[in-house]
Amino acid sequence: MFVTLICTVFIFILSFIYFRGKYNQYYWKKRGVAFYNKHITGGPYWQYVVEDRPMFEILKDVYDEHKNDPAVGLGSFFDNTLFVKDPVNIQHISQLDFNSFYHRGTPINEDDILANNVLWLNGPKWKIIRQKMTPLFTTAKLKNMYYIVDKSAQDFVEFLKQNPDRLKGDAFDTLTHFCSAAISAAVFGIGTKSTFDSSIRKRIRVALMPTLSLNLKFAVGGVCDVLYHALGLKMFGDHEDFFVDTIKQVIKQREKDNVKRHDFVDLCVKLQKEGTMQDQDTGVKVEPTDEVLAAQAFFFFLAGVEPTAAAMFGTMLELGRNPEMLKRVHEEVDAVFEKYNGQLTYESIYEVEYLYKVFSEALRVHTPIGFLTRQCMANTTLPVGNIPIEKGVKILTPVFDLHHDAKYFPNPEVFDPDRFSREGEVSDLNYVPFGKGNRYCIGARYARVQIMSGLMHFLRNYSLNTYVGKGGVQYSKESNQVRIKNVKIEFIPRN
Ligand code: HEM
Ligand SMILES: *[C@@H]1O[C@H](CO)[C@@H](O)[C@H](O)[C@H]1NC(C)=O
Ligand SMILES: *[C@@H]1O[C@H](CO)[C@@H](O)[C@H](O)[C@H]1NC(C)=O
């Protein structure tokens, strides 16, 4: 009896996998779209679960195997999934046809407090929160906030001085310390202590460690919304209480102190004073509760720390193996410090043009976020290839692959900051480290200020040497991120 049941279930599952795979092939063939035949049912998400490789690298195989196809259908258990390669189609998705593609494609369970953030929300709720968070990143705000960013950058140099073991240690880890200290300061404000000693920062670092359970939830969310909802999965349930309590306390304290610090907490106090937030078009309302604000704070860390650390790591990696470039940026940075009497200002960040080109080229070659996701919310058609897209279809679009495609960037593997000086070589169709369109990275301008400030203070005091492991740069298993694993960067004090 029991054996029969097991056999029946087993046969049922096998048939489902077989027929679903056949259906995937049929579905995309009928629409005149190429199909990735390697795992016709599970697709790249399945490969990600069973193989020890980052997701972006699996997608790069798909990209390279389908050189001339504008899009490639992917295996999936439930939602039809399309990998869209053509830059014009990508622009259509991220910008021109926003009404069909406003959804990030990440399923959220209502009671998953921290999941209600600007990165994962969709529709009117996303619009409200995005509008309310945007003022934090205007030029005027960033200028007022610069003193916070500068303190973190100075603390970074001081931290290296106090911890000489860090000079030959894990540079990515050290940079993650700096980036979490900087973002922690921008969110929660600063005191007189080093931003590196913040207990909040230390707790957050633990919360952001990738774990097996997080990877599994990511895979379930990618593969099957229905299952994700049915299981009531909470992405960051373990950290909810800590984050909500922290924000609650900090807001209360700030109200009591009644001072302006130009950080995120200032914005929280203002939003709570103003009360209910409403979307004009739909009438949808959101209360600026501690929970809602905690979710945004948490996601500034989640969306901000690793990519900024990766961008700095990529920049340092290249400076440490290109001595002429390193010399040139040292001279440039020294000159700016001299001009400003040893004290950086917001304006001075924009005066290191060559360093900015090196950083921009590092964002191309060492793209921190490998690919982006969307979900179609209304039937539509992609222009290149005339591809019909039905409501519900999940979309993946490459970032890394565009940046490494010789069609768009001649000699893509050559690190060449002067690409950014040559007319027409870099186009915002193909160079998309921060995404594109309405859901463009909200922190992009802040990231520039934080990273340039950090690099300038660092370069004033340190030089670099890079050691790349055998076989060139390799990457560790990550879902959306591009994380380099076999490169050592040594920091050398300048005298
Ligand atoms: C070099 C550093 C960074 C890189 C490369 C980066 C990259 C990206 C990318 C590719 C996206 C997706 C855009 C899209 O889907 O079209 C994104 C979105 C986002 N980023 Fe960043 N990011 C960086 C730094 C930051 C920082 C410092 C913060 C926070 C302070 C931040 C907060 C966000 C948020 C909240 C979103 C979601 C926006 C939305 O969906 O409306 N990012 N970022
Ligand atoms: C960094 O270098 C500058 C210039 O040499 C020096 O004035 C400053 O004290 C150094 N910073 C630290 C923390 O040592
Ligand atoms: C979307 O397209 C599908 C199939 O092409 C069709 O069955 C469905 O009715 C359409 N939905 C809407 C809202 O037009």
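We count ligands from 1, going down the list as the structure has it; atoms in each ligand are counted the same way.
- Per-atom contact check: atom 5 (O) of ligand 2 does not touch the protein, criterion being a heavy-atom distance below 4.0 Å.
- Side chain of S348 to backbone of T345: a donor-acceptor contact under 3.5 angstrom is found.
- The pair D281-K127 counts as a salt bridge, with a side-chain nitrogen and a carboxylate oxygen less than 4.0 angstrom apart.
- Under a cut-off of 6.0 angstrom, the local environment of CD in E413 is crowded, with over 12 non-hydrogen atoms contributed by other residues, nucleotides or ligands.
- Residue-ligand proximity: R104 is placed with a non-hydrogen atom under 4.0 Å from ligand 1.
- Across all their heavy atoms, T315 and A311 have their closest contact at OG1-O, 2.7 Å.
- Residues K357 and E332 are not paired through a salt bridge, judged by the lack of any N-O separation under 4.0 Å between the basic side chain and the carboxylate.
- Under a 4.0 Å criterion applied to the non-hydrogen atoms of N461, ligand 2 contributes the atoms 1 (C), 2 (O), 3 (C), 8 (C), 10 (C), 11 (N), 12 (C), 14 (O).
- Ligand 1 has no N or O atom lying under 3.5 Å from any N or O atom of I369, backbone or side chain.
- Compare A310, G435, P433 by their heavy atoms: the one nearest to atom 5 (C) of ligand 1 is in P433.
- Taking the ring centre of F409 as origin, the terminal cationic atom of R364 falls inside the region bounded by 6.0 Å and 45° from the ring axis.
- Using bins of under 30°, 30° to 60° and over 60° for the plane-to-plane angle, the ring pair F337/H457 lands in the perpendicular bin.
- In this structure, D155 pairs ionically with K151, as a charged nitrogen and a carboxylate oxygen lie closer than 4.0 Å.
- For ligand 1, the polar-atom distance check against R439 finds a nitrogen or oxygen pair separated by under 3.5 Å.
- For atom 4 (C) of ligand 1, the choice among F371, F299, F434 with the nearest heavy atom turns out to be F434.
- Counting only N and O atoms by type, the side chains of E158 and Q162 include a donor and acceptor under 3.5 Å apart.
- Short contacts between ligand 2 and E158, defined as distances under 4.0 Å to a heavy atom of the residue, involve ligand atoms 13 (C).
- Distances shorter than 4.0 angstrom occur between a heavy atom of E390 and an atom of ligand 3.
- Judged by the shortest distance from any of its heavy atoms, W126 lies inside the 4.0 Å radius around the atoms of ligand 1.
- Both the backbone and the side chain of L119 come within contact range of ligand 1, each with a heavy atom under 4.0 Å.
- Of the candidates C441, A447, G304, the one placing a heavy atom closest to atom 42 (N) of ligand 1 is C441.
- The only option from V329, D334, I451, I349 that meets the side chain to side chain contact (heavy atoms under 4.5 Å, CB included) definition with M456 turns out to be I349.
- By the 4.0 Å heavy-atom criterion, S94 is excluded from the residues contacting ligand 1.
- No N or O atom of T308 sits closer than 3.5 Å to an N or O atom of ligand 1.
- Residue-level proximity to ligand 2 for K161 is carried by the side chain, the only part with a heavy atom below 4.0 angstrom.
- Interface atoms of ligand 2 facing V157, defined by a heavy-atom separation under 4.0 Å, are 11 (N), 12 (C), 13 (C).
- Any N or O atom pair closer than 3.5 Å counts here, and R374 shares at least one such pair with ligand 1.
- Using a 4.0 Å threshold on non-hydrogen atoms, atom 9 (O) of ligand 2 does not count as touching the protein.
- Between H330 and Y462, the ring centre distance reaches or exceeds 6.0 Å.
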